[in-house]
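Residue numbers begin at 1 in each chain, while the letters A, B, ... track the order of the sequences.
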Amino acid sequence: MEPKVSDIASPLVSPPAVSVCPKISTLTKRADFVRTSNARRQGTTGVHLQARKRMDGEAIGIRVGYTCSKKVGNAVARNRAKRRLREIARMTLPNLGRDGWDYVLVGRNTTTGSIPFEDLLRDLHRALAKVHA
RNA sequence: GCGGGUGGUCGGAUGGUCGCGGGGUGGUAACACCUCGAGGAAAGUCCGGACUCCAUGAAAAGCACGGUGCUGGGUAAUACCCAGCGGGGGUAACCCUAGGGAUAGCGCCACAGAGAACAGACUGCCUUCUAUAUGGAGGUAAUGGUGAAACGGUGGGGUAAGAGCCCACCGCGGAUGUGGCAACACAGACGGCACGGCAAGCCCCACCGGGAGCAAUGCCAAAUAGGGGUCUCGUGUCGCUUGCGGCGUGGGUGCUUGGACCACAGAGACCCGGGUUGGCAGCUAGAGGCUGGUUGGUAACAAUCAGUCCAGAUGAAUGAUCAUCUCGGGGCAGCGAUGCCCUAGACAAAAUCCGGCUUACAGACCACCCGCACUU
RNA sequence: GCGGGCGUAGCUCAGGGGUAGAGCGAAACCUUGCCAAGGUUUAGGUCGAGAGUUCGAAUCUCUUCGCCCGCU
């Protein structure tokens, strides 16, 4: 039997202690995106991940940004891809993300909006593991 | 039943769990609760407005530039809509139509053809002259072929040959009359025919448009700077009532003109260098939409009454997932009725707002109408 | 969001109503022992797409698609 999405995510969604859970904020500045893209990167079928360990004092907590260029498609396809990226980040980063890092999730050509959701989730897990290594 | 035409509607539904944006309430806060949260095209940005700023005495005038272009009406306005007219298509329902002026002027009409816009004559036809030839003079425009287009068409009379030269019909122009608010329609004396096409070529005529746009504009905070160089015009003047008037200079979001206004010691142009891309307002209730009724109108639409609804983000909010149902589609089994399984599946997401236009769109539904076939 | 511009041969561009062209590139041949250069010749185009105006459209008009630039 196929594992349900809830089975994959359940250990991750289980609420961690508040003191362990860093605050997650969204990247909005272009300069942050550029700095992150110059650091570590890892591509998978569904998502392309860029990550960077910040210098001390820049900001607090985990920060995450989302990018979907016109290659992804029209406005409907871009928004849809961005929402799916937000959802997997919400389910994953509170547990697997590291404090003091910036992450940028980039939507891929046609796959981000179309592949099954659990595949997208596994792709982010793999990409995070490789980037942290 | 089949085929077609017109107008319109919808664009899955319900529930659970976890999340997102705005507003409200409570709370010191974390947060909790309540409530609202994409489209018919939100799209393209092709038009028209609202609104804001700039300019302005003024909706200034003229020129330039751009647009519109049958008539009447509707509207805040339009290139939109409605009702008609003319032209074209279709057996029909019905559809399409940038549709003013070619006698204001200029320009163009390649190739072919004798000749392409003004009457002219290559091949011809007829008469005549002579030196009888591939000749000259005259008449004619019916013949031939070319071309998108050739100076009215067909038939008859007539003639040396011919010709609206004459006649009949058709076509064209058309004084005038009738109907219509008008575009225009109908009738038509008369004219023997004179007047080719292109204005989405320049242009003429009529009407419309001041320019830029929410990245407009205003405020707050921080930071940096209160820059440098070159060039041009200036450094006012007269009067008195002593802060006003005359003159002068400079200042214009296409240009010019005149006037008013502002400034009067600085103004303008170009080049070099440096800083910031934060927050708030504008920002969503308006020529508002929808539903139902009444009145006027053929209609578009207007007036009015009642009810109801209202996204406001800014790396930009609607997602993820599960279940059930239903419309279609596909597969398998079956002669069939039907059963089982899979599958929510088109275009496309607000960005100041509104009215139109155009383009994209899986599929489903409703009403009316037309043609053909069949039955009664 | 607003404003502006461009689509013609494989590439860079002319042509602005009358049979689509230039340069570079490609191919074949000549030349050479071989290559380059040179010479001769050839192929290659729905003029981004669809309608309209015209006798006739790459050209004029409208619609549409794609690409590029500027404005805080």
Side-chain angles (χ1 to χ4, degrees):
Chain A
M1 179 179 169
E2 279 290 308
K4 292 282 172 60
V5 169
S6 54
D7 299 336
I8 296 173
S10 56
L12 314 175
V13 174
S14 59
V18 177
S19 57
V20 197
C21 179
K23 189 173 170 57
I24 296 181
S25 54
T26 306
L27 288 180
T28 57
K29 296 283 197 319
R30 173 170 166 76
D32 290 330
F33 280 86
V34 172
R35 272 199 292 271
T36 308
S37 70
N38 289 333
R40 297 162 168 271
R41 48 179 67 194
Q42 177 62 44
T44 62
T45 312
V47 60
H48 185 95
L49 178 71
Q50 300 169 341
R52 179 179 73 104
K53 188 175 192 320
R54 284 194 307 272
M55 309 298 284
D56 290 338
E58 271 187 63
I60 57 161
I62 297 174
R63 296 195 304 176
V64 59
Y66 312 92
T67 293
C68 289
S69 73
K70 275 193 176 177
K71 284 182 198 162
V72 175
N74 59 21
V76 176
R78 289 201 301 273
N79 284 348
R80 178 174 175 79
K82 226 182 277 186
R83 285 192 203 105
R84 290 175 70 117
L85 293 179
R86 254 192 230 108
E87 184 68 12
I88 60 171
R90 188 179 67 83
M91 294 171 80
T92 304
L93 288 181
N95 291 281
L96 295 184
R98 294 192 180 172
D99 196 3
W101 282 58
D102 284 352
Y103 300 95
V104 171
L105 279 65
V106 182
R108 311 231 350 156
N109 194 355
T110 54
T111 52
T112 303
S114 61
I115 64 169
F117 190 73
E118 53 260 41
D119 291 356
L120 200 60
L121 211 50
R122 284 205 201 90
D123 283 345
L124 182 61
H125 288 183
R126 273 206 299 273
L128 277 172
K130 287 205 170 191
V131 158
H132 287 150

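Scanning both residues, A:A39 and A:A51, for their nearest heavy atoms gives CB-O, 3.2 Å. Scanning all heavy atoms of the two residues, the minimum distance from A:D123 to A:G46 falls at OD2-N, 3.0 Å. Here the closest non-hydrogen pair linking A:I88 and A:T92 is O-OG1, 2.8 Å. Taking both residues in full, the closest heavy atoms of A:C68 and A:A81 are given as SG-CB, 3.8 Å, listed atom of the first, atom of the second, then distance.
The interatomic distance linking A:F117 (CZ) with B:C18 (P) rounds to 16 Å, in whole Å. A:M91 has its CE atom 11 Å from the P atom of B:G19, to the nearest Å. Rounded to whole Å, atom C1' of B:A38 lies 15 Å from atom CG of A:N74.
Within the structure, salt bridge (Lys or Arg N to Asp or Glu O under 4.0 Å) pairs that include any residue of residues 41-51 of chain A do not occur (at least two apart or interchain). Screening residues 61-101 of chain A for ring-ring contact (aromatic ring centres under 6.0 Å, His included), with sequence neighbours left out, gives A:W101-A:H132. The stretch residues 73-88 of chain A participates, sequence neighbours left out, in these salt bridge (Lys or Arg N to Asp or Glu O under 4.0 Å) pairs: A:E87-A:R90.
Base-pair partner of B:C169: B:G153 (Watson-Crick or G-U wobble, both distances under 3.5 Å). Look at B:A323: its Watson-Crick or wobble partner, with both distances under 3.5 angstrom, is B:U14. Summarising the base pairing, B:C335 is matched to no nucleotide, lacking a Watson-Crick or G-U wobble pair whose two defining distances lie under 3.5 Å. Here B:C247 sits opposite B:G236 as a Watson-Crick or G-U wobble pair (both hydrogen-bonding atom distances under 3.5 Å). Pairing of B:A216, defined by two Watson-Crick or G-U wobble distances under 3.5 Å, is not identified with any nucleotide. Using Watson-Crick or G-U wobble geometry with both donor-acceptor distances under 3.5 Å, B:A55 finds no partner in any strand shown. As the counterpart of B:G275, no nucleotide is assigned, since no Watson-Crick or G-U wobble pattern has both distances under 3.5 Å. When both distances must be under 3.5 Å, the Watson-Crick or G-U wobble mate of B:U9 is B:A364.
Rounded to the nearest Å, the gap between the P atom of C:C11 and that of C:U54 is 37 Å. With P as the reference atom, B:A42 and B:G8 are 16 Å apart, rounded to whole Å. Going from the C1' atom of B:U359 to that of B:G40 covers 13 Å, rounded to whole Å. Going from the P atom of B:U291 to that of B:G329 covers 32 Å, rounded to whole Å. Look at the C1' atom in both B:C80 and B:U314: the space between them is 34 Å, to the nearest Å. Going from the C1' atom of B:C109 to that of B:G201 covers 12 Å, rounded to whole Å. The gap from the C1' atom of B:A303 to that of B:C70 amounts to 32 Å, rounded to the nearest Å. Rounded to a whole angstrom, the distance from the C1' atom of B:C327 to that of B:G11 is 12 Å.
Here C:G16 is in the syn range [glycosidic angle within 90° of 0]. The glycosidic torsion of C:G23 lies more than 90° away from 0, placing the base in the anti range. Taking 90° from 0 as the syn/anti boundary, the base of C:A51 is oriented anti. B:A222 shows a glycosidic angle more than 90° from 0 and is accordingly assigned anti. Within 90° of 0 lies the glycosidic angle of C:U54, which makes this nucleotide syn.
Checking A:R90 against A:E87, the closest nucleotide of RNA chain B that is more toward the 5' end is the one next to A:R90.
Between atom CD of residue A:E118 and atom NE2 of residue A:H125 there is a gap of 12.0 Å, rounded to the nearest 0.5 Å. Note that OG1 of A:T67 and CG of A:L85 are 9.0 Å apart. Values are rounded to the nearest 0.5 Å. Rounded to the nearest 0.5 Å, atoms OG1 (A:T45) and CG (A:D119) are 8.0 Å apart. Considering CG of A:D102 and OG1 of A:T36, their distance stands at 4.5 Å, rounded to 0.5 Å.
In this structure A:Q42 satisfies the side-chain hydrogen bond (donor to acceptor under 3.5 Å, both in side chains) test with no other residue, sequence neighbours excluded. Looking at residues two or more places apart in sequence or on another chain, you find a side-chain contact (heavy atoms from CB on, under 4.5 Å) between A:L49 and A:Y103, A:L105, A:L124, A:A127, A:L128, A:V131. With sequence neighbours left out, A:N74 forms a side-chain hydrogen bond (donor to acceptor under 3.5 Å, both in side chains) with no residue at all.
With a 3.5 Å limit on both pairing distances and Watson-Crick or G-U wobble geometry required, the stems of 3 or more pairs in RNA chain C span C:1-7 with C:65-71, C:10-13 with C:21-24, C:26-30 with C:38-42, C:48-52 with C:60-64.
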What nitrogen or oxygen pairs link the protein and nucleotides 44-46 of chain B at under 3.5 Å?
none

Using atom names, set out every protein N or O paired with an N or O of nucleotides 358-363 of chain B below 3.5 Å, distance rounded to 0.1 Å.
none

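Distances shorter than 4.0 Å separate none of the side-chain N or O atoms of A:R80 from OP1 or OP2 on B:A349.
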Original post:
With the sugar-phosphate defined as primed atoms, P, OP1 and OP2, and the base as all remaining atoms, what B/S/- string results for nucleotides 312-318 of chain B, 5' to 3', for protein heavy atoms under 4.0 Å?
Top reply: ---BSSS
